[in-house]
Amino acid sequence: MRNLLILLLLCVAVCSAYPLDRAARDKEDSMELVQQYLENFYNLAKDTKQFVRRKDSSPVVKKIQEMQKFLGLEVTGKLDSDTLEVIHKPRCGIPDVGSFSTFPGMPKWRKTHLTYRIVNYTKDLPRDAVDSAIEKALMVWEEVTPLTFSRIYEGEADIMIIFAVREHGDFLPFDGPGKVLAHAYPPGSGFYGDAHFDDDEQWTKDTSGINLFLVAAHELGHSLGLQHSTNREALMYPVYDPLTDLARFRLSQDDINGIQFLYGSPPVPPDDPAVPTESVPPEPGTPAACDPALSFDAISTLRGEILLFKGRHFWRKSFRTFEPEFHLISSFWPSLPSGIDAAYEVTSKDTVFIFKGNQFWAIRGNEIQAGYPRGIHTLGLPSTVRKIDAAFSDKEKKKTYFFVKDKYWRFDEKRQSMEPGFPKKIVEDFPGVEPEVDAVFEVFGFYYFFNGSSQFEFDPNAKKVTHVLKSNSWLNC
């Protein structure tokens with residue numbers, strides 16, 4: 001009995017020590033993590049480790065306060081829960097305070113046309129998805145500056161884009177999954193301007209992993225000369241935000257102010273015949289943008305803008321300006337009919353196709369292409385189809401969808417032929433979408449279906465409607 005009592009007392013002593021040891025280890029790990037974070041991103045000297053375990057750790061406390069102030073946290077100088085939560089979040093590898101010794105001053109490109117090259121690919125995504133993410137990320141900056149970008153496939157580009165793990169030749173090794181996501185260098189020759197992505201991350205098109213578009217847009221901001229922002233709404237804020245609504249992604253005014261400080265605003269050529277200098281003034285009987293009952297005849301993208309057609313008119317929505325423009329269709333394309341049925345853009349061809357009745361036209365900019373109009377049945381649609389209600393082209397999948405009443409057909413842009421097995425019911429493959437589609441277009445990886453005064457945001461990956469909105473929400477209503 002006495003031996004049993006001794007064993008029980010020993011067990012109590014040992015078992016009670018475990019949570020204390022674990023708590024001590026957790027605190028030790030947190031301090032090590034903070035030490036490393038401050039060294040990497042806030043220029044804490046590496047010889048200040050002696051201060052970490054002492055009460056008079058003023059250099060570390062000051063750096064913690066500096067970090068909290070930069071990241072928009074309450075400045076306590078303590079490792080409170082909010083601070084530790086931010087430290088554990090994935091982020092950009094560029095420091096928030098101080099700079100790399102290789103970063104001289106505030107560099108910017110001395111030219112407005114830049115080249116980029118995707119040197120290699122992650123295995124997490126199809127190549128065309130990577131291409132699309134990088135292209136969209138560059139477009140974010142192109143839309144608000146005079147900068148333009150073109151891709152090259154060999155040789156040295158201004159911006160070289162690579163996926164790598166751990167040590168990859170620039171003396172800034174990656175650290176495995178979930179911490180530093182990527183880093184990029186400011187403008188200049190050699191490796192300057194290049195963007196590197198940690199391929200130990202799980203790169204995705206949505207936010208189920210690390211969204212490549214969001215990270216690329218941030219890193220390419222560095223490639224153009226921007227440093228980190230303290231504005232938590234800004235793209236250039238250093239901490240990755242997986243809650244960003246990709247469908248409504250816009251640069252913050254802070255981002256725009258920063259990039260335009262370096263490069264200025266985008267020019268609008270006054271003599272471009274495709275860009276009338278004035279919108280059409282409202283006339284009696286013309287559609288009102290914020291009419292709650294407004295519906296659209298057709299919608300298409302065009303070179304990064306959105307065209308929303310109604311009767312004889314259309315709205316031109318650019319992400320460069322807040323207010324949409326309102327025009328007569330005939331002011332751009334005099335020979336096109338009014339009251340069109342459908343429209344879609346094939347970006348790889350820089351062409352928009354316009355449908356009315358059993359005919360369709362191809363336009364580039366403000367020019368209608370030779371050989372049009374053509375009959376819709378040349379696309380492979382059956383003779384029973386007399387008109388198309390709506391259409392859009394998915395540039396990643398290279399498929400075009402034609403909607404007629406409660407059915408749809410799919411066209412393969414690579415093979416230039418209608419796919420077998422169609423038509424299919426709209427409700428089967430697009431659950432939640434009203435079967436009579438007035439208009440549809442694709443942007444930011446989502447499909448937007450319009451039915452009367454309502455629109456349905458459809459996530460093709462989740463295969464469900466994620467939002468129901470008013471049709472005229474794109475007109476700032």
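Since the model is a prediction, treat every value here as computed from it, not as a measurement.
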Sequence neighbours excluded, which residues qualify as side-chain contact (heavy atoms from CB on, under 4.5 Å) partners of Q359?
-> W361, P373

Here the gap from E345 atom CD to L302 atom CG, rounded to the nearest 0.5 Å, amounts to 5.5 Å

For R374, enumerate each residue passing the salt bridge (Lys or Arg N to Asp or Glu O under 4.0 Å) test, keeping only those at least two apart in sequence or located in another chain.
-> none

Within a reach of under 6.0 Å around CZ of R364, are more than 12 heavy atoms found that belong to other residues, nucleotides or ligands?
-> yes

Charged N to carboxylate O below 4.0 Å: is that the case for K205 and E396?
-> yes

Is the distance between the ring centroids of Y408 and F430 under 6.0 Å?
-> yes

Is there side-chain contact between Y447 and P460, with heavy atoms separated by less than 4.5 Å?
-> yes

D459 and T466: side-chain hydrogen bond (donor to acceptor under 3.5 Å, both in side chains), yes or no, with the steps?
-> CA-CA 7 Å; D459 184 340; T466 51; 6.0 Å; no

With a 4.5 Å limit on heavy-atom distance, are the side chains of D124 and T204 in contact?
-> no

Classify the angle between the aromatic ring planes of H168 and F174 as parallel (below 30°), tilted (30 to 60°) or perpendicular (above 60°).
-> parallel

Just wondering, more than 12 heavy atoms not from E154 lying within 6.0 Å of its CD?
-> no

Between the OH atom in Y121 and the CD1 atom in I161, the distance rounded to the nearest 0.5 Å is 9.5 Å

Here the gap from F249 atom CZ to K136 atom NZ, rounded to the nearest 0.5 Å, amounts to 10.5 Å

Please report the closest heavy-atom contact between D200 and P177, naming both atoms and the distance.
-> O-CB, 3.4 Å

Please report the closest heavy-atom contact between Y263 and L224, naming both atoms and the distance.
-> OH-O, 2.6 Å

Test the K310-F296 pair against the cation-pi criterion, namely NZ or CZ under 6.0 angstrom from the six-membered ring centroid and within 45° of the ring axis.
-> no

Could you state the interatomic distance from CD1 (I299) to CZ (F441), rounded to the nearest 0.5 Å?
-> 5.5 Å

Side chains of I354 and F309 in contact at under 4.5 Å (non-hydrogen atoms) = yes

Is there a donor-acceptor pair closer than 3.5 Å between any side-chain N or O of R117 and the backbone N or O of G155?
-> yes

Among all residues two or more places apart in sequence or in another chain, which pass the side-chain contact (heavy atoms from CB on, under 4.5 Å) test with N451?
-> E434, E436, F456

Using a strict 4.0 Å threshold on nitrogen-to-oxygen distance, state whether K398 and D412 make a salt bridge.
-> no

Can you tell me if NZ on K179 sees more than 12 non-hydrogen neighbours from other groups inside 6.0 Å?
-> no

Whether Q227 side chain and H222 backbone form a donor-acceptor pair below 3.5 Å | no

Can you find a pair of side-chain heavy atoms, one from F314 and one from D297, that are under 4.5 Å apart?
-> no

Residues K463, D429; criterion salt bridge (charged side-chain N to carboxylate O under 4.0 Å, His left out); working and verdict = CA-CA 8 Å; K463 291 193 173 181; D429 292 341; 5.8 Å; no

D350 meets the salt bridge (Lys or Arg N to Asp or Glu O under 4.0 Å) criterion, sequence neighbours left out, with R303

Kindly determine whether E367 and W333 satisfy side-chain hydrogen bond (donor to acceptor under 3.5 Å, both in side chains), including the steps that lead there.
-> CA-CA 7 Å; E367 296 181 357; W333 308 284; over 6 Å; no

Which pairs, with at least one residue in residues 398-477 and sequence neighbours excluded, count as a disulfide bond (SG atoms under 2.5 Å apart)?
-> C290-C477

Test item: D394 side-chain N/O and K397 main-chain N/O as donor-acceptor pair under 3.5 Å = yes

With distance as the sole test, does D341 use its side chain to make a donor-acceptor pair with the main-chain N or O of G357 at under 3.5 Å?
-> yes

Answer yes or no: is there an ion pair linking D241 with K89, defined by an N-O contact shorter than 4.0 Å?
-> no

Can you tell me if S471 uses its side chain to pair, donor with acceptor, with the backbone of G452 under 3.5 Å?
-> yes

Rounded to the nearest 0.5 Å, how far apart are CD1 of I259 and CE of M236?
-> 8.0 Å

Tell me, do W141 and L251 make a side-chain contact under 4.5 Å, heavy atoms counted?
-> yes

So D389 and K405, salt bridge (charged side-chain N to carboxylate O under 4.0 Å, His left out) or not? Walk me through it.
-> CA-CA 7 Å; D389 295 332; K405 296 182 179 178; over 6 Å; no

Should S252 and E233 be marked as a side-chain hydrogen bond (donor to acceptor under 3.5 Å, both in side chains) after you check the CA-CA gap, both sets of side-chain angles, and the distance that decides it?
-> CA-CA 7 Å; S252 74; E233 303 301 317; over 6 Å; no

Is there a donor-acceptor contact under 3.5 Å linking the side chains of H377 and S383?
-> no

Parallel, tilted or perpendicular, as decided by the 30° and 60° cut-offs, for the rings of F449 and F392 = perpendicular

Taking all heavy atoms of A195 and all of E219, pick out the closest pair and write down the distance.
-> CB-CB, 4.5 Å

Over all heavy atoms of both residues, which pair between G178 and E201 is shortest? Give the atoms and the distance, please.
-> N-OE1, 2.9 Å

All side-chain contact (heavy atoms from CB on, under 4.5 Å) counterparts of V346, not counting sequence neighbours | Y344, S348, K349, F353, S393, E413

